[in-house]
Chemist: 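After the structure tokens below, expect a handful of questions from me.
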Amino acid sequence: MTSANSDAHPEPGPGAGPAESAVEGFSSADVSDVVTLSYEQARAELVETVTRLEAGGAGLEESLALWERGEALAQRCEAWLDGARRRLDEVRAQAGGEVPVAEGGSPEAADGNNAG
């Protein structure tokens with residue numbers, strides 16, 4: 001996992017974004033690489049980040065950096081999933097019809113093939 005190095009940049013530079021003034025004296029986590037991650041990479045790092053936050057023991061600044069990176073990772077995963085949904089919808093539309101999807105998100109649940 002890429003760690004946030006808060007000592008390298010004590011103050012965010014110009015164009016640092018909304019986190020620039022979020023917490024005085026806090027250098028925000030580097031999230032510039034998140035947009036290059038695959039879904040699997042982003043999800044694995046997100047799981048690791050959540051585990052570290054839940055374990056506690058990190059200082060306030062490190063916890064804030066972990067939280068910020070975790071938010072960016074979650075958004076990346078959501079973007080991948082939204083893209084996958086759009087692609088599936090396009091394929092279904094090109095195939096000539098919508099596949100019914102039950103509330104649980106499974107096409108099998110909608111058509112009754114999951115009787116057991």
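Small disclaimer: the values here were computed from a predicted structure and weren't measured. Counting from 1, the numbers follow the sequence of the chain as shown.
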Chemist: Is there a continuous path of hydrophobic side-chain contacts, each under 4.5 Å between heavy atoms, that joins Leu64 to Leu73?
Modeler: no

Chemist: With a 4.5 Å cut-off on side-chain heavy-atom distances among I, L, V, M, F, W and Y, is there a chain of contacts connecting Val34 to Val50?
Modeler: yes

Chemist: Measure the CZ-CG distance between Arg43 and Leu81 for me, rounded to the nearest 0.5 Å.
Modeler: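 The CZ atom of Arg43 sits 10.0 Å away from the CG atom of Leu81.
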
Chemist: Is a donor on one side and an acceptor on the other found under 3.5 Å between the side chain of Arg76 and the backbone of Val35?
Modeler: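 Looks like yes, one N/O pair under 3.5 Å.
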
Chemist: Give a yes or no answer on whether the side chain of Glu71 reaches the backbone of Glu68 with a donor-acceptor pair at less than 3.5 Å.
Modeler: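 Checking the backbone N and O of Glu68 against the side chain of Glu71, no donor-acceptor pair under 3.5 Å is found.
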
Chemist: Just jot down the side chain to side chain donor-acceptor pair (under 3.5 Å) partners of Gln75, sequence neighbours excluded, or say none.
Modeler: none

Chemist: Going through the distances and angles, do Arg86 and Asp89 end up as a salt bridge (charged side-chain N to carboxylate O under 4.0 Å, His left out)?
Modeler: CA-CA 5 Å; Arg86 280 192 301 275; Asp89 290 344; over 6 Å; no

Chemist: Flag the pair Arg85 and Asp82 as a salt bridge only when some basic side-chain nitrogen lies within less than 4.0 angstrom of an acidic carboxylate oxygen.
Modeler: yes

Chemist: What's the shortest heavy-atom distance between Tyr39 and Trp80, and which atoms?
Modeler: N-NE1, 3.4 Å

Chemist: Work out which heavy atom in Arg52 is nearest to a heavy atom in Leu66; give both atom names and the distance.
Modeler: NH1-CD2, 3.7 Å

Chemist: Tell me whether Arg69 is salt-bridged to Asp33, with the criterion being a basic N under 4.0 Å from an acidic carboxylate O.
Modeler: yes

